[in-house]
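Take a look at the structure below.
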Amino acid sequence: MVEINLDDPKLCKILDGTIELFYEFGIKNLNMDDISRKLKISKKTLYQYAKSKEDLIEKLFYYDDMKWEKRVSEIKFKDLNAIDILIQVSIVIFEQMGKFDPKLKFEMKKYYEAIFHDFMQKKQTHIFEQISNNINRGVAEGLYRDNLNVELIAGLYVRNLVDMHNKDYCFVENITFDQIFEAMFENHIRAISTSEGIEYFEKRKSEITQLNKNINN
């Protein structure tokens with residue numbers, strides 16, 4: 001079981017720095033010596049936190065997962081209705097998915113398949129649970145239709161999130177990830193909402209523009 005202390009500033013700095021290095025140089029091109037040198041820390045310090053490159057990568061995924069859970073836990077669910085919650089949760093999802101470089105995904109699947117598969121399963125399970133809970137809440141609030149197949153709709157939502165990173169997901173040229181995400185999000189809301197839900201969504205639609213802003217801040 002991977003253990004990470006988010007209150008350890010040195011560990012968080014190493015993990016954040018390693019993520020940036022992977023984005024810049026790729027995963028395969030860096031070994032532990034390269035990482036310690038580029039982060040300007042000793043190899044001894046790096047190995048205190050990760051016994052190998054594979055262990056470091058596993059910790060990076062766990063770190064990402066913990067940050068996701070922390071962000072979601074900060075949303076004041078009790079003060080919001082289902083549509084407001086879905087907007088807030090989707091902003092968090094968008095920030096994370098938008099930063100997931102397809103090249104890194106390819107390298108992870110090729111060289112660290114077991115770690116990547118485990119991470120994706122956990123991530124998809126978390127999102128599936130959030131969307132399922134949201135649908136049930138929206139139905140109870142009269143914002144979503146009461147004849148929905150919750151598992152099917154939540155599963156489709158998760159599958160679309162995963163598939164939209166595939167280069168052939170959208171055949172239209174010059175369409176960005178954020179445009180695809182916004183369209184998917186709005187289609188999801190309109191497909192499951194009652195007339196009251198759609199009316200409320202129209203009032204709050206300006207919130208969706210935050211999906212574009214957050215990824216660039």
Taking [X] for the side chain and [Y] for the main chain, is one N or O donor matched with an acceptor at less than 3.5 Å?
| X | Y | result |
| --- | --- | --- |
| N29 | F25 | yes |
| T194 | G142 | yes |
| D55 | K51 | yes |
| E141 | A82 | yes |

Cluster link [X] to [Y], ILVMFWY, side chain under 4.5 Å:
| X | Y | answer |
| --- | --- | --- |
| Y47 | I14 | yes |
| Y23 | L30 | yes |
| L80 | I83 | yes |
| I19 | M66 | yes |

For this session: Assess whether side-chain contact (heavy atoms from CB on, under 4.5 Å) is satisfied between E196 and Y144, documenting all intermediate values.
Result: CA-CA 8 Å; E196 290 82 3; Y144 300 157; over 6 Å; no
Taking every non-hydrogen atom, the tightest pair across [X] and [Y]:
| X | Y | result |
| --- | --- | --- |
| K78 | R137 | CA-NH2, 4.0 Å |
| L60 | L15 | CD2-O, 3.3 Å |
| G155 | F128 | N-CE1, 3.6 Å |
| S132 | A154 | OG-CB, 3.4 Å |

Quick one: pull up [atom1] in [X] and [atom2] in [Y] and give me the separation to the nearest 0.5 Å.
| X | Y | atom1 | atom2 | answer |
| --- | --- | --- | --- | --- |
| R37 | D34 | CZ | CG | 4.5 Å |
| L46 | S52 | CG | OG | 10.0 Å |
| N160 | F185 | CG | CZ | 13.5 Å |
| S90 | I127 | OG | CD1 | 9.5 Å |
| K203 | I198 | NZ | CD1 | 13.5 Å |
| D118 | K123 | CG | NZ | 12.5 Å |

Counting C-beta onward and ignoring hydrogens, is there a side-chain heavy-atom pair between [X] and [Y] closer than 4.5 Å?
| X | Y | value |
| --- | --- | --- |
| K10 | I41 | no |
| I85 | N81 | no |
| N136 | V150 | yes |
| I35 | F22 | yes |
| L143 | F201 | no |
| D84 | Y200 | yes |
| I131 | L86 | yes |
| I115 | F61 | yes |

For this session: Verify whether one side chain among D8 and Y49 offers a donor that lies under 3.5 Å from an acceptor in the other.
Result: yes
Problem set entry | Partners passing ring-ring contact (aromatic ring centres under 6.0 Å, His included) against Y157 (at least two apart in sequence or in another chain) |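 Partners of Y157 by the ring-ring contact (aromatic ring centres under 6.0 Å, His included) criterion, ordered by chain and then number, come out as H188.
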Problem set entry | Carboxylate-amine/guanidinium contact K43 D33, below 4.0 Å | yes
Exercise. Going by an N to O cut-off under 4.0 Å, is there a salt bridge joining E202 and R190?
Worked result: yes
Problem set entry | Under the side-chain hydrogen bond (donor to acceptor under 3.5 Å, both in side chains) test, residues paired with K38 that sit two or more places apart |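 side-chain hydrogen bond (donor to acceptor under 3.5 Å, both in side chains) list for K38, sorted by chain: empty.
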Neighbour count >12 (heavy atoms, 6.0 Å) for atom [atom1], [X]:
| X | atom1 | answer |
| --- | --- | --- |
| E54 | CD | no |
| Q48 | CD | yes |
| E113 | CD | no |

Problem set entry | Pair listing, salt bridge (Lys or Arg N to Asp or Glu O under 4.0 Å) test, anchored in residues 13-29, at least two apart | D16-K67
